[in-house]
Amino acid sequence: MISTEDWQAILLSLELASITTLILLLLCLPLAWYLAQGRGLHHYALNALLTLPLILPPSVLGFYLLIAFAPHSVFGQTLSNLGLPQLAFSFSGLVVASMIYSIPFVLQPLQMSIKQLGARPWEIASSLGMPPWKSFIFIILPQIKPAIAMAAVLCFAHTLGEFGVILMIGGNIPGETQVLSVRIYEQVEALQYDSAHTLSAMLLLFSFITLVVMQRLQQSLKQHKAGE
């Protein structure tokens, strides 16, 4: 039986994953194009920095974000001076933290797909007199649609299941920062195993569906590449 508090956590998780996925897609499309073109040291350094959340323990990332978001930190004081709300233990803070730890899951598929296209589409567009931004929107984007879909699925699934960073940044405030993974943790601590089983089964089913979708998208990418 799913309680009102469970539904609240489910809806908050879906809202967080949707907002994070949408913002990261908008940010990472031009960023992936920029990184795919460059081979300089600053490109490698920026790529390594943005890929760091893949191997960094979530508790470590969450700890440093919590320090950065603290009201007495430089970042926290800047937000205060600008009249903006603090990020620690708020939904806005969860969105910012989710964007940071999920960025490699969006950036990597897009960057690889753009690299695989090579220079030929740009050369053809340039010969037709198209500016780079127009080439990117009307020639490159339609050719990497499977990679965009894969990046969106990966980001959504990763954000929905994240626990460590979420707990460090948002805590466990029902209706504000208590997402599904944190709700399961709370139910286990309270020995409410029936509710924990139900919510965990929902995440398990979602993860299985995600893997099926990922396999289908990978097949589409292979077919697209073979058809070039």
Side-chain angles (χ1 to χ4, degrees), residues 16-58 60-61 65 95-128 130-165 203 206-228:
L16 176 64
S18 301
I19 293 174
T20 302
T21 302
L22 180 62
I23 296 176
L24 278 183
L25 280 177
L26 293 174
L27 288 177
C28 286
L29 279 169
L31 187 57
W33 169 76
Y34 172 73
L35 291 174
Q37 307 304 313
R39 299 180 186 279
L41 183 60
H42 62 288
H43 283 89
Y44 292 125
L46 181 59
N47 216 353
L49 181 66
L50 295 173
T51 309
L52 201 57
L54 275 179
I55 60 172
L56 202 61
V60 174
L61 180 60
L65 288 177
V95 172
V96 175
S98 299
M99 288 171 56
I100 292 172
Y101 70 70
S102 290
I103 194 169
F105 294 88
V106 180
L107 190 60
Q108 293 295 319
L110 296 177
Q111 193 175 340
M112 289 176 61
S113 184
I114 292 174
K115 277 185 177 178
Q116 287 174 354
L117 289 178
R120 185 163 177 75
W122 298 99
E123 292 170 355
I124 294 174
S126 179
S127 67
L128 295 174
M130 296 179 71
W133 67 268
K134 208 169 183 178
S135 307
F136 183 73
I137 293 175
F138 294 105
I139 295 181
I140 302 300
L141 286 186
Q143 296 193 59
I144 62 170
K145 281 191 293 187
I148 294 174
M150 183 183 293
V153 172
L154 272 174
C155 180
F156 193 90
H158 183 250
T159 305
L160 201 64
E162 177 55 33
F163 173 73
V165 176
L203 275 182
F206 176 77
S207 300
F208 175 76
I209 294 173
T210 300
L211 287 175
V212 172
V213 172
M214 288 295 301
Q215 291 180 51
R216 182 69 187 90
L217 289 172
Q218 285 175 346
Q219 186 64 29
S220 298
L221 277 173
K222 289 179 181 176
Q223 291 173 350
H224 179 75
K225 189 177 178 182
E228 289 178 349

Q: So do L29 and F136 actually touch side chain to side chain, heavy atoms under 4.5 Å?
A: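 The answer is yes; the side chains approach within 4.5 Å.
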Q: Any chance you could measure Q108, atom CD, to I103, atom CD1, to the nearest 0.5 Å?
A: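 Spacing of CD (Q108) from CD1 (I103) equals 10.0 Å.
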Q: Can you find a pair of side-chain heavy atoms, one from L31 and one from L27, that are under 4.5 Å apart?
A: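 No; the side chains remain at least 4.5 Å from each other.
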Q: Verify whether one side chain among T159 and S98 offers a donor that lies under 3.5 Å from an acceptor in the other.
A: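 Distance-only check fails for T159 and S98.
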Q: Would you compute the distance between atom CD1 of I19 and atom CG of L22 and round it to the nearest 0.5 angstrom?
A: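 CG of L22 is found 8.5 Å from CD1 of I19.
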Q: Working to the nearest 0.5 Å, report the span between CG of N47 and OH of Y44.
A: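 That separation rounds to 9.5 Å.
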Q: Considering non-hydrogen atoms only, spot the tightest contact between K115 and A36 and give its length.
A: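 Taking K115 first and A36 second, the nearest heavy atoms are CG-CB, 3.8 Å.
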Q: Could you grab the distance from atom CD1 of I114 to atom CG of L141, nearest 0.5 Å is fine?
A: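 I114 atom CD1 to L141 atom CG measures 7.5 Å (nearest 0.5 Å).
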Q: Determine whether I139 and I124 make a side-chain contact, defined as any pair of heavy atoms from C-beta on separated by less than 4.5 Å.
A: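 No - every pair of side-chain heavy atoms lies 4.5 Å or more apart.
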Q: Can you tell if the side chain of V106 reaches within under 4.5 Å of the side chain of L154, non-hydrogen atoms only?
A: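 No, every pair of side-chain atoms sits at 4.5 Å or beyond.
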Q: Report yes if the side chains of L160 and F206 come closer than 4.5 Å at any heavy-atom pair, otherwise no.
A: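 In short, these two side chains touch, coming nearer than 4.5 Å.
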Q: Do the side chain of T20 and the main chain of L16 share a donor and acceptor less than 3.5 angstrom apart?
A: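 Yes.
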Q: Pick from L24, I23, V165, T21: which one makes a side-chain contact (heavy atoms from CB on, under 4.5 Å) with S102?
A: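 Result: among L24, I23, V165, T21, L24 is the only option passing the side-chain contact (heavy atoms from CB on, under 4.5 Å) with S102.
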Q: Can you confirm whether E162 sits close enough to P58 that some side-chain heavy atom of one is under 4.5 Å from a side-chain heavy atom of the other?
A: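 In short, these two side chains touch, coming nearer than 4.5 Å.
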Q: May I ask you to test the L50-L35 pair for a side-chain heavy-atom distance under 4.5 Å?
A: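 In short, these two side chains touch, coming nearer than 4.5 Å.
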Q: Write down the atom of A147, the atom of P109, and the distance for their closest heavy-atom approach.
A: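 For A147 and P109, the tightest heavy-atom pair comes out as CB-O, 3.9 Å.
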Q: Mind checking the OG1-CG spacing from T210 to L203? Nearest 0.5 Å is all I need.
A: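 Going from the OG1 atom of T210 to the CG atom of L203 covers 9.5 Å.
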Q: Identify the residue among K145, M214, M112 that makes a side-chain contact (heavy atoms from CB on, under 4.5 Å) with M150.
A: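 Exactly one pass, corresponding to M214.
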Q: List the atom of Y101, the atom of L61, and the distance in Å for their closest heavy-atom pair.
A: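 Shortest heavy-atom contact: CB-CD2, 3.4 Å.
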